[in-house]
Structures are given as C-alpha cells and as structure tokens.
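Below is one structure; the comments refer to it alone.
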Amino acid sequence: MRFYLPLFLALSTSAFAQDGARAQDGLTPTDVLPMGRFTANARLVMALGEGTLDSGPASLDGDIRQFLAVFEAAAGLGMGFEIEAQIPVAFSSELSFEESGVEFTEESKGLGDLTLGANYAIIQQKGDEPQLIIGAFILIPTGDDDPSEPEITGAGIFDQPGEEGGIGDGAFGYGGQIGISKRFGSVEPYFVFRYFVHGESDVDDIETDHADVASLIFGMEIHGGDQVTIDLRVWADLRGEEVEEDDLGNESTEEKHASYGFQGRVFLALGSQVAIVAGVGISAVEDHAISEEANFDLTDTWVFGAEFGLHIVFGK
C-alpha cells in the first residue's frame with residue numbers, strides 16, 4: 001500500500017527551473033513514457049496501526065509497525081509501450097498484540113518479491129480523447145519466504161522463541177490492469193482496475209493457494225502549473241479465499257476479506273529531472289489471515305502511513 005505526505009507546497013517558487021512538467025512524467029497511473037525516457041523512484045514508507053488479532057477462542061488488541069523502502073523503475077519503448085519494475089525492502093515489520101496476559105509478537109524484514117510489468121496506451125490523450133491503457137504484470141518470488149515464528153506467551157498458551165521471517169510470499173503470480181484518464185484544464189480524474197492471480201507456495205510442508213486480489217482505484221490529479229501536482233485517490237482491494245493444505249491432505253479455507261483506504265500525495269518538481277514525492281494515507285482492513293500455521297486473523301484494523309521519496313526522469 002502507498003502513503004504520501006502533502007508537504008513542501010510553500011517551496012514552489014520561481015527559484016526552480018520552469019521545465020518542471022518533465023520531472024513529473026510517469027506519475028499518473030495511466031501515464032505511458034515516450035520512447036527513450038526513463039524514470040526511477042525511491043520511497044521510504046512508515047505505517048503505524050491498531051487492530052484486533054482474532055485466534056478463534058480469544059481476541060487480542062495490539063499494534064502494527066512497518067518501515068520499508070520501495071524502489072521502482074520504468075522505461076518507454078515507443079509506439080505506446082513501456083516496461084516497469086518494483087521491489088520492496090522491509091527494514092522492520094512487526095505485529096504486537098496483548099490481552100489479559102497473553103501476548104503475540106511476529107517480526108519480518110528483508111527483501112520482498114519483484115514485480116515486472118508492461119503497459120500499452122490503446123488511446124493516447126490528444127484533444128478531446130482520453131488516455132486508455134492496458135497492462136500485464138508478473139510477480140517473481142525473489143524475497144525470503146521463510147515464515148516468521150511468532151512468540152506467543154501466556155497461561156495455557158505454548159511458549160516459543162520468536163524468529164524473524166522474510167516478507168516474500170514464495171509464489172509466482174500474474175495479473176492485468178486497465179486504466180482511463182482525461183484531463184480537464186488543471187484537473188485530471190482517472191480510474192484503474194487490476195486483477196492479480198496469486199500462485200501456490202510450499203513452506204514447511206504447508207501448501208498455500210494464495211488469494212486472488214481485485215483492486216479498484218479512483219483518483220484525481222490537480223496540476224498547479226509545472227512545479228506542483230496533487231494526487232488524491234481512494235482504493236479498495238477484495239481478496240478471494242485462501243486454501244491451505246498440508247502433506248496429510250488436511251485443508252482449511254479462509255473467508256473472503258477486503259481492505260480500502262484514502263491517499264493524498266504531492267509532487268514538487270526541483271528542476272527538469274527530479275521531483276519530491278510525499279504524502280499521507282489511511283487504510284482499513286476488515287479481515288485478513290496473517291498466519292498459515294495457526295488460525296490468526298487480523299480484523300477491525302486501521303493503519304496510518306506517511307511516505308517521502310524522489311522521482312527522477314532520465315533521457316530525452
């Protein structure tokens with residue numbers, strides 16, 4: 001999930017170069033870079049939240065803390081095509097829940113899974129025409145998929161030492177998207193629909209058929225000249241059922257669950273090649289299974305996030 005902090009609006013002065021529009025190429029979800037143009041993004045993300053951990057017989061209230069970096073790159077191939085890549089790195093990701101002397105702690109960090117994608121502009125915005133794109137992407141399990149061993153303490157609950165795990169899923173995946181946008185003066189609304197088909201993983205004799213995810217994004221960009229663009233969006237993810245199966249043939253099925261949120265971000269051009277990206281966001285998780293080896297679901301959870309980074313444009 002992405003979060004942006006709306007800062008630096010007061011810094012938009014004539015001291016910056018007037019070619020700031022180029023520094024903001026590739027920021028709208030429906031943008032397709034022209035041939036020979038490249039972008040690189042690096043963002044630091046902090047997410048803090050509160051929620052309830054439901055284990056069936058008991059519910060624990062607690063905190064969520066996550067700090068990570070996200071790296072992205074894209075290249076225009078010409079004739080309406082572009083390719084892109086994204087990979088996250090978690091410095092720290094922790095779930096900590098406690099209630100009536102019972103405590104659950106799970107920690108993860110490390111390299112995440114690599115996403116590679118390609119987009120094609122079916123219609124490129126000219127005059128009264130909108131921008132219409134389609135795209136496809138694949139998820140490559142480059143991250144550490146060893147599960148974290150949670151530390152659970154309390155009367156009647158088994159004790160075990162906590163062990164940090166990775167943030168990879170250990171499964172290939174693929175998906176597609178379609179997006180449309182249209183600029184009206186300084187306002188540019190857009191809509192994107194994505195569907196992601198997650199594959200199967202096998203960790204510690206547990207085979208998991210990961211849930212598919214359908215995503216909707218409704219947003220609007222407000223262009224304040226060549227130096228500043230504000231992006232406001234709402235999004236929703238609907239995840240399907242998850243099936244877990246061990247070597248003995250035992251299976252379990254999780255309920256469908258959803259998450260949704262709001263994000264506000266600002267892009268401030270610092271010349272013709274670099275833009276600062278910052279913003280805030282809030283999201284809610286209705287129900288999300290977090291453990292494949294024990295019946296732990298994250299419910300009634302709110303997460304607040306902030307993000308800061310750089311967007312760099314290369315090429316002609």
Same cluster or not: are Val228 and Ile312 linked, directly or through other Ile, Leu, Val, Met, Phe, Trp or Tyr residues, by side-chain heavy atoms under 4.5 angstrom apart?
yes
Do Tyr190 and Asp231 have side-chain atoms, one donor and one acceptor, less than 3.5 Å apart?
yes
Please tell me if the side chains of Leu114 and Phe71 come closer than 4.5 Å, counting only heavy atoms from C-beta onward.
no
Nearest heavy-atom approach of Ser108 to Ile167 is CB-CG2, 3.9 Å
Do Ile83 and Leu77 make a side-chain contact, defined as non-hydrogen atoms from C-beta onward lying under 4.5 Å apart?
yes
Tell me whether Phe172 shares a hydrophobic cluster with Val197, the cluster being built from Ile, Leu, Val, Met, Phe, Trp, Tyr side chains joined at under 4.5 Å.
yes
Charged N-O contact under 4.0 Å between Arg239 and Asp237:
no
Does Thr229 reach the main-chain N or O of Gly224 with its side chain, forming a donor-acceptor pair under 3.5 Å?
no
Would you check if there is a donor-acceptor pair between the side chains of Gln86 and Asn41 at a distance under 3.5 Å?
no
dist Arg233:CZ -> Met220:CE (nearest 0.5 Å) comes out at 12.5 Å
With a 4.0 Å cut-off on N to O distance, would you call Arg43 and Glu72 a salt bridge?
yes
Check whether any side-chain heavy atom of Thr39 lies under 4.5 Å from a side-chain heavy atom of Phe314, and answer yes or no.
no
Considering non-hydrogen atoms only, spot the tightest contact between Gly143 and Asp113 and give its length.
N-OD1, 3.0 Å
Look only at the side chain of Gln273 and the backbone of Val313, and say whether a donor-acceptor pair between them is shorter than 3.5 Å.
yes
Quick check: do Ile178 and Val192 have side-chain heavy atoms less than 4.5 Å from each other?
no
Counting heavy atoms not belonging to Phe193, are there more than 12 under 6.0 Å from its CZ?
yes
Distance-only polar pair, side chains of Thr28 and Glu221, donor-acceptor under 3.5 Å:
yes
Please determine whether ring pair (Phe, Tyr, Trp, His ring centres under 6.0 Å) holds for the pair Phe67 and Phe91, giving the CA-CA distance in whole Å, both sets of side-chain angles, and the decisive distance to 0.1 Å.
CA-CA 6 Å; Phe67 301 90; Phe91 303 116; 8.6 Å; no
Value rounded to 0.5 Å, distance of CD in Gln131 from CG in Asp31:
7.0 Å
Between Arg183 and His223, is a side-chain contact (heavy atoms from CB on, under 4.5 Å) present by the stated rule, with each step listed?
CA-CA 10 Å; Arg183 184 160 178 172; His223 302 276; 3.3 Å; yes
Heavy-atom nearest pair, Ser181 first then Thr30, reads OG-OG1, 2.7 Å
Should Ile133 and Val32 count as side-chain neighbours, where that means a heavy-atom distance under 4.5 Å?
yes
Is it possible for you to say whether Tyr260 and Leu238 belong to one hydrophobic cluster, with membership spreading through side-chain heavy-atom contacts below 4.5 Å?
no
How many angstroms lie between atom CD1 of Ile134 and atom CD of Gln177, to the nearest 0.5 angstrom?
10.0 Å
So OG1 of Thr115 and CD of Glu84: to nearest 0.5 Å the spacing works out to 9.0 Å
Do Ile140 and Leu116 make a side-chain contact, defined as non-hydrogen atoms from C-beta onward lying under 4.5 Å apart?
yes
Can you classify the ring geometry of Phe218 versus Phe191 as parallel (below 30°), tilted (30 to 60°) or perpendicular (above 60°)?
tilted
Within this structure, what is the CZ-CG distance for the pair Arg194 and Leu216, rounded to the nearest 0.5 Å?
10.5 Å
Kindly indicate whether the side chain of Ile282, heavy atoms from C-beta on, has any atom under 4.5 Å from the side chain of Trp302.
yes
Output the distance between atom CD1 (Ile276) and atom CZ (Phe267), rounded to the nearest 0.5 Å.
12.5 Å
Hey, quick one: are Phe137 and Ile87 part of the same hydrophobic cluster, counting side-chain heavy atoms closer than 4.5 Å, chains of contacts allowed?
no
Measure the shortest side-chain to side-chain distance between Ser283 and Trp235 over non-hydrogen atoms and say whether it is less than 4.5 angstrom.
yes
Please lay out, stage by stage, how His198 and Leu139 fare under the test side-chain contact (heavy atoms from CB on, under 4.5 Å).
CA-CA 8 Å; His198 214 162; Leu139 180 72; 3.8 Å; yes
Under the criterion side-chain contact (heavy atoms from CB on, under 4.5 Å), I'd like the reasoning laid out for Phe196 against Tyr174: C-alpha separation, chi angles, the key distance, then a yes or no.
CA-CA 6 Å; Phe196 174 57; Tyr174 61 91; 5.8 Å; no
Do Met35 and Ile123 share a hydrophobic cluster, counting only Ile, Leu, Val, Met, Phe, Trp and Tyr and linking them when any side-chain heavy atoms are less than 4.5 Å apart?
no
Is there a donor-acceptor pair closer than 3.5 Å between any side-chain N or O of Asp169 and the backbone N or O of Pro141?
no
If you apply the rule side-chain contact (heavy atoms from CB on, under 4.5 Å), what do you find for Leu48 with Gln66, and how did you get there?
CA-CA 7 Å; Leu48 304 174; Gln66 187 177 53; over 6 Å; no
Taking all non-hydrogen atoms of both residues, which atom of Leu44 and which atom of Ala69 are closest, and how far apart?
CD2-CB, 4.0 Å
Considering all heavy atoms of both residues, which atom of Ile230 and which atom of Val266 are nearest to each other, and what is their separation?
CG1-CG2, 4.2 Å
Minimum heavy-atom separation for Pro29 to Arg265, with atom names?
CD-NH2, 4.2 Å
Apart from Phe184 itself, residues in the same hydrophobic cluster as defined by side-chain heavy atoms under 4.5 Å:
none
